[in-house]
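Have a look at the structure below, then the notes.
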Amino acid sequence: MNTFQTVFEQQKRHFASGVTRTYQWRVEQLDRMARLVGENETALQQAIAKDFKTASQEQVFETLACLGEVEFQKSQLKDWMAPIEAPVPKALAATGHRGVIYRDPYGVALIIGPFNGPLLLLLRPAITALAAGNCCVLKLSEKLNSTSALLLDLVPKYFKPEAVVAVTGHREEITELLKLPFDFIFFTGSTSTGKVIARAAAENLTPVLLELGGQNPALVDETANIPDAAKKIVWGKMAWAGNGARRPVMPMCTSQ
């Protein structure tokens, strides 16, 4: 049996029960995430700093961004869950037909976190997935010993395994993980690895969201408030300055 089969099937059953579609379940998961980050903010910053040999104060953005995302998602959730009227052809409208768009969750989402965004690019996608009514499997980076060890300890304390579970592993484990028919896969990382994930997802027709380039263009047109736009662009450029190039400190290896 696939190493991760039991966890995956547990989450599939939980999603099939319909409970994750409720507003109450979604808010509860968001609150759990806020407590995980907020109650362990210092420990998380210190773990990331240990992996990257930096000052823990430099990691404040990682935790604050996650907490801010939870609050934003909660503030918008009821509006996002509400059905939306959709236009229909006049011929159908004349016969009393109407169009409605319902935003349904996918099911069980696999979120593969990169090494250079231990929380920002792992927990923020998870926050969005939970707000949308999905269960989550979080694949932690194997390159971040301290951060991944801490998250492996914290996630089971704050979440039920049928809702959110954290796993780790190397190439062999990720290969087994990708064999499972997830309902959605989110990945941030290199283009080469992104191609591997896309190929694996195609076997099960799983939709994917791949963030591979790290390029963030900003378009400023004639309607913009230039001072405001300039301030926001500079903030976006500098808030996480250097993170894309940072590397965890890895021990020297004498053999492959």
Side-chain angles (χ1 to χ4, degrees), residues 4 7 10-11 25-75 109-131 134-170 173-174 177 186-189 211 235-236 238-252:
F4 306 103
V7 168
Q10 184 181 25
Q11 292 199 349
W25 184 90
R26 301 182 195 202
V27 169
E28 179 188 347
Q29 308 316 308
L30 294 178
D31 287 340
R32 287 173 182 267
M33 185 68 78
R35 292 200 302 274
L36 185 156
V37 177
E39 293 173 5
N40 303 280
E41 190 168 7
T42 300
L44 287 165
Q45 292 169 3
Q46 290 176 344
I48 298 171
K50 184 176 181 180
D51 283 324
F52 290 99
K53 299 298 182 185
T54 60
S56 59
Q57 294 91 329
E58 293 183 27
Q59 313 309 326
V60 170
F61 183 59
E62 290 265 359
T63 52
L64 289 183
C66 293
L67 293 172
E69 189 69 27
V70 169
E71 290 306 309
F72 175 73
Q73 299 268 355
K74 286 176 64 176
S75 71
L110 171 62
I111 299 172
I112 305 173
F115 70 86
N116 64 330
L119 300 185
L120 193 67
L121 298 176
L122 175 76
L123 298 189
R124 285 187 73 193
I127 291 165
T128 300
L130 291 169
N134 301 284
C135 304
C136 295
V137 175
L138 308 179
K139 166 58 176 68
L140 311 179
S141 173
E142 72 281 2
K143 297 180 180 179
L144 303 173
N145 294 332
S146 298
T147 307
S148 293
L150 180 57
L151 287 172
L152 284 172
D153 179 59
L154 292 177
V155 169
K157 293 180 179 178
Y158 287 86
F159 289 98
K160 295 178 181 178
E162 61 266 29
V164 180
V165 69
V167 301
T168 189
H170 295 273
E173 288 81 4
I174 190 67
L177 200 58
F186 180 98
F187 170 75
T188 299
E211 194 272 300
W235 182 90
M238 303 303 294
W240 210 25
N243 247 38
R246 67 181 184 170
R247 296 289 186 272
V249 176
M250 302 293 289
M252 294 295 291

Can you find a pair of side-chain heavy atoms, one from [X] and one from [Y], that are under 4.5 Å apart?
X      : Y      : answer
Leu44  : Leu154 : yes
Val165 : Val155 : no
Thr147 : Leu140 : no
Pro118 : Phe52  : yes

Could you list the donor-acceptor pairs under 3.5 angstrom formed by side chains in residues 28-38, with sequence neighbours left out?
{"from": "Glu28", "atom 1": "OE2", "to": "Arg32", "atom 2": "NE", "distance (Å)": "3.0"}
{"from": "Glu28", "atom 1": "OE2", "to": "Arg32", "atom 2": "NH2", "distance (Å)": "2.7"}
{"from": "Gln29", "atom 1": "NE2", "to": "Trp25", "atom 2": "O", "distance (Å)": "3.2"}
{"from": "Asp31", "atom 1": "OD1", "to": "Lys74", "atom 2": "NZ", "distance (Å)": "2.7"}
{"from": "Arg32", "atom 1": "NH1", "to": "Tyr158", "atom 2": "O", "distance (Å)": "2.7"}

Determine all donor-acceptor pairs shorter than 3.5 Å in which one atom belongs to a side chain in residues 120-130; sequence neighbours excluded.
{"from": "Arg124", "atom 1": "NE", "to": "Glu69", "atom 2": "OE1", "distance (Å)": "3.2"}
{"from": "Arg124", "atom 1": "NH2", "to": "Glu69", "atom 2": "OE1", "distance (Å)": "2.7"}
{"from": "Thr128", "atom 1": "OG1", "to": "Gln73", "atom 2": "NE2", "distance (Å)": "3.0"}
{"from": "Thr128", "atom 1": "OG1", "to": "Arg124", "atom 2": "O", "distance (Å)": "3.3"}

Minimum heavy-atom distance between Leu64 and Glu41, given as atom pair plus value: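 Shortest heavy-atom separation between Leu64 and Glu41 comes out as CD2-OE2, 3.7 Å.
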Tell me every residue that passes side chain to side chain donor-acceptor pair (under 3.5 Å) with Lys157, counting only those two or more places apart in sequence or in another chain.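 For Lys157 the side chain to side chain donor-acceptor pair (under 3.5 Å) partners, ignoring immediate neighbours, are Asp153.
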List for me each residue that meets side chain to side chain donor-acceptor pair (under 3.5 Å) alongside Ser148, sequence neighbours excluded, and say none if there are none.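 Scan of Ser148 (side chain to side chain donor-acceptor pair (under 3.5 Å), adjacent residues dropped) gives none.
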Check side-chain contact (heavy atoms from CB on, under 4.5 Å) between Glu173 and all other residues, then give those that pass, not counting sequence neighbours.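 Result, side-chain contact (heavy atoms from CB on, under 4.5 Å) vs Glu173: Phe4, His170.
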With sequence neighbours left out, the residues meeting side-chain contact (heavy atoms from CB on, under 4.5 Å) with Gln10 are Arg13, Pro161, Glu162
I'd like to know if the side chain of Asn134 and the backbone of Ala109 have a donor-acceptor N/O pair within less than 3.5 Å.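 Answer holds: no.
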